[in-house]
Structure formats: C-alpha cells, structure tokens
Amino acid sequence: MDNPANRIPESHLRDADSRPLSLLGRLRERLRTKHYSRKTEQAYEKWVRQFVLFHGRRHPRTMGNREIAAFLNHLANVRGVSASTQNLALASILFLYRHTLGVDVGYVLGVERAKEPKRLPNVLEPADVKSLLTAMRGVARLCGLLMYGSGLRVSECTSLRVKDINFEGHELVVRSGKGGKDRHVPLPRTAEPALRAQLERRRRQHHEDARAGIHTTGIPPGLARKLPRAEMDWPWQYVFPGRRAWRDASGILRRDHLHPSAIQRAITVAVRVAGLSKRAGCHTLRHSFATDLLRNGADIRTIQELLGHSDLRSTMIYTHVLNRGALGATSPADRL
C-alpha cells in the first residue's frame, strides 16, 4: 500500500509547457483514450509517481534512459521486486514517455532483470474444491463456483453483467477480459439455480435503485452517448453489486460492482474452515478449472480459448501440473 507521505501533489507534476492538465492527468487521459482498464490506470500512475519520487521529484522531461535504468535496477537489487513487477514498472514509464510526453527513449540499456522464478500454479483436487465451496455461503460461494466452473478471474466474476448470462446456451460472455478481449465460457448447470436466485434479488434492488436515480458504472463513453439509458437499464446492471452507492464528480449517484477483495477474504476464511493443507485463493480455482479440463481430455487449444490466453505457452504450464509426479512415471519404491 502506498505511503501517504510519498504522494506527490499533482501540481508538482505540471508539465513544463504549462498545459491545463497535470502530467498525471495527461497520463490518465491517454490511458483512457486507448481503453486501458481502470486497474492498469491505477498501476501505471503508481509507478510513474514512484519513478519521479526516486529521482527527487524531477520532471520526466529532464530525465531519460539512464534514469529509467537506475530506477529499475533499484527495484530489482534494493527493493527485491519480482520480475513481473519490474516489467510493470518499465511498461508504465515507457507509456509515459511514448504516449504522454511524445518522447521515444528507445531500448532501455543497462537494466539488471529481476529473476523470474519458475513455479507451477497451485491447483486443488476436485475433492478439495468441493470442501472449499461447502465452507462458503451466499454470493461468495456462487462466485467461487463460477470461478471454478467457468475459469473466471475474480474481477471478471464480480464485474459480470446481466446481459452476459445465457441460460439457454449455458454460457457466459466475459467482456473486456485481460488484454481487452471478449470470450465465451461455459456456465455450470449446477450454478444456475443460485444464479437465477441472485438475479431475482438483484432485480428487486435495481427497481429501488431506479427510483433513487442510481446509475451503474463502467459503461464506455462512446456507448453511453449512443445508448444514454444504458446506465439505468436492467441488462447493463452488475449481477454482483456493491453494497453502497456513491456520488461521482458530476453529482450522479452510482453503484459499482462488488469489490474483488470481498471474495478474496471469503476464500481465505473458507480455506481455513475447510482445513485444506494447500494455499488457495481466487486464482487457484481458475487454475483448477484448467487442470481438471486437461485431465478429462479437453484439447489444449480449447483451454487456451476458455482462459483467454494470447500465448499458448501460458496454457501449456498446466500440462506440467498434471505430470508433476516425475513426468507421470511410477516411483521405483512402489515396485519394491
């Protein structure tokens, strides 16, 4: 979590040519123009702030390749961040220079790369998944069932909209998943009764929200102009809404989706209650979905599509999970 003492007032990041928007404001504007997710926007803003702080609050226009390399080496050698975190910091800074400042810094030389540990994903056996789900209740249990039964990321589950459920075809449509991709995934029939009940509760709440003038969030600006009623219409509502409405900068009351941390906390508690011997979280259910499909004969390309992986190598890791017992060989001790 960021230390408030390390936050830089946006006035300190005013661009040198005195443009109305601050540097961070221009960064956000470019990210939104290119339709980056809110989560990516927050991460990029964080690393740009850290970069400026590291160099004594100097404006990025006065820095270049050498300063970027120094910051990245500090992350790897002093702060001990992971390779993925170092890559995220680099992507944030490069976006700042190339798309916000219009400066091409080229290939950043002299960067000492953080080591990427080769780890297999943690998966649960079907019996462990059953124990975990049995220890959960209500919305959290339904989200857990969808993450395992449909291979959803927790953010994809909590941001699911009414219009993206197809009971007749037994499928869900994941909109703007990682990388901005849409995909179709199976809707487990065992989840349908609970999902229908959740929709009925949500419909009653939506009627109350409509009377109170509460809008939903996350409608793309272009679509909002074309369909001005979308923010109030039933098909666009979140299946799993947040508890509290809030007022945005224009004074409009809004209700966001359930925060992923609520599901993460529920799974942490359920792991303890179920007495599981393995560490497990939301993403463990997604890993278990892929591994169980592979174990039951699903094609690796099909699993790639269901998970939304751009690179097949990301999906191939699950073949190593299945062969974890020394590539499937029988131990010689068992033949004694």
Side-chain angles (χ1 to χ4, degrees), residues 30-31 34-44 46-47 68 72 75-76 81-99 104-109 111-124 146-160 164 171-186 260 264 279-324 327-328:
R30 294 300 296 155
L31 287 164
K34 290 181 171 292
H35 304 294
Y36 280 65
S37 71
R38 176 66 175 158
K39 191 173 180 181
T40 302
E41 179 185 315
Q42 291 169 339
Y44 277 30
K46 168 191 169 182
W47 285 114
I68 296 172
L72 295 174
L75 293 180
V81 303
S82 67
S84 58
T85 299
Q86 188 188 41
N87 288 337
L88 176 59
L90 174 59
S92 307
I93 297 167
L94 291 181
F95 187 96
L96 169 73
Y97 276 95
R98 292 171 181 170
H99 300 288
D104 188 0
V105 294
Y107 184 79
V108 181
L109 300 172
V111 177
E112 298 176 29
R113 294 290 182 179
K115 293 183 179 179
E116 185 74 73
K118 296 185 181 298
R119 294 197 180 99
L120 295 177
N122 192 27
V123 301
L124 298 176
L146 291 176
M147 287 186 287
Y148 174 66
S150 305
L152 301 180
R153 299 176 177 91
V154 62
S155 58
E156 295 169 346
C157 184
T158 56
S159 61
L160 187 67
D164 295 325
E171 70 174 13
L172 303 174
V173 181
V174 178
R175 304 286 183 186
S176 299
K178 192 172 182 180
K181 300 185 293 291
D182 293 353
R183 70 183 194 277
H184 293 256
V185 296
Q264 292 163 344
R279 288 182 62 251
C282 293
H283 221 63
T284 309
L285 294 173
R286 177 173 154 89
H287 290 322
S288 303
F289 162 83
T291 306
D292 287 349
L293 285 181
L294 194 59
R295 182 186 287 120
N296 289 302
D299 178 77
I300 192 70
R301 291 282 185 183
T302 300
I303 297 173
Q304 178 189 9
E305 290 294 323
L306 292 175
L307 292 176
H309 287 162
S310 299
D311 192 334
L312 184 62
R313 288 175 295 183
S314 300
T315 317
M316 289 297 292
I317 190 69
Y318 298 109
T319 63
H320 299 294
V321 174
L322 281 183
N323 293 330
R324 200 154 34 181
L327 302 180

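Looking at Asp164, its side chain never comes within 3.5 Å of a backbone N or O of Leu160 through a donor-acceptor pair. A distance-only check finds a donor-acceptor pair linking the side chain of Ser288 to the backbone of Leu124 [under 3.5 Å].
The heavy-atom pair separating Leu172 from Ser150 by the smallest distance is CD1-OG, 3.8 Å. When every heavy atom of Ala280 is checked against every heavy atom of Asn122, the shortest pair comes out as N-ND2, 4.3 Å. Considering every non-hydrogen atom in both Leu306 and Pro186, the closest pair reads CD2-CD, 3.7 Å. Here the shortest heavy-atom pairing between Pro260 and Ser155 reads CG-CA, 4.3 Å.
Of the listed residues (Ile300, Leu307, Leu293), just one forms a side-chain contact (heavy atoms from CB on, under 4.5 Å) with Tyr318, and that residue is Leu307. For the salt bridge (Lys or Arg N to Asp or Glu O under 4.0 Å) with Arg183, the lone residue among Glu171, Glu305, Glu156 that qualifies is Glu156.
Ile317 pairs by the side chain to side chain contact (heavy atoms under 4.5 Å, CB included) definition with Leu120, Pro121, His320, not counting sequence neighbours. His99 is linked by a ring-ring contact (aromatic ring centres under 6.0 Å, His included) to Phe95, counting only residues two or more places apart in sequence or in another chain.
Residues Asp311 and Arg313 are paired through a salt bridge, judged by an N-O separation under 4.0 Å between the basic side chain and the carboxylate.
Atom OH of Tyr44 sits about 11.0 Å away from atom CD1 of Ile93, to the nearest 0.5 Å. From Leu152, atom CG reaches atom CG of Leu285 across 10.5 Å, with rounding to the nearest 0.5 Å. With values rounded to the nearest 0.5 angstrom, Leu294 atom CG is found 10.0 Å from Thr315 atom OG1. Atoms OG1 and CZ, from Thr284 and Arg286 in turn, are 12.0 Å apart once rounded to the nearest 0.5 Å. If you take CD on Glu112 and CG on Leu75, they are separated by 12.0 Å, rounding to the nearest 0.5 Å. Here Thr40 contributes atom OG1 and Arg38 contributes atom CZ; the two are 11.0 Å apart, rounded to the nearest 0.5 Å.
With a 4.5 Å cut-off on side-chain heavy atoms, Leu90 and Val111 do not count as touching. Val123 places none of its side-chain heavy atoms less than 4.5 Å from the side chain of Asp292.
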*Starting from the C-alpha separation in whole Å, work towards a yes-or-no answer on side chain to side chain contact (heavy atoms under 4.5 Å, CB included) for Asp104 and Arg98.*
CA-CA 5 Å; Asp104 188 0; Arg98 292 171 181 170; 3.9 Å; yes
*Quick one: do Leu96 and Trp47 satisfy side chain to side chain contact (heavy atoms under 4.5 Å, CB included)? Show the steps, please.*
CA-CA 10 Å; Leu96 169 73; Trp47 285 114; over 6 Å; no
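Annotation: side chain to side chain donor-acceptor pair (under 3.5 Å) contacts involving residues 84-97, sequence neighbours excluded, comprise Ser82-Ser84, Ser82-Thr85, Asn87-Arg113.
More than 12 heavy atoms of other residues, nucleotides or ligands sit less than 6.0 Å from atom NZ of Lys181.
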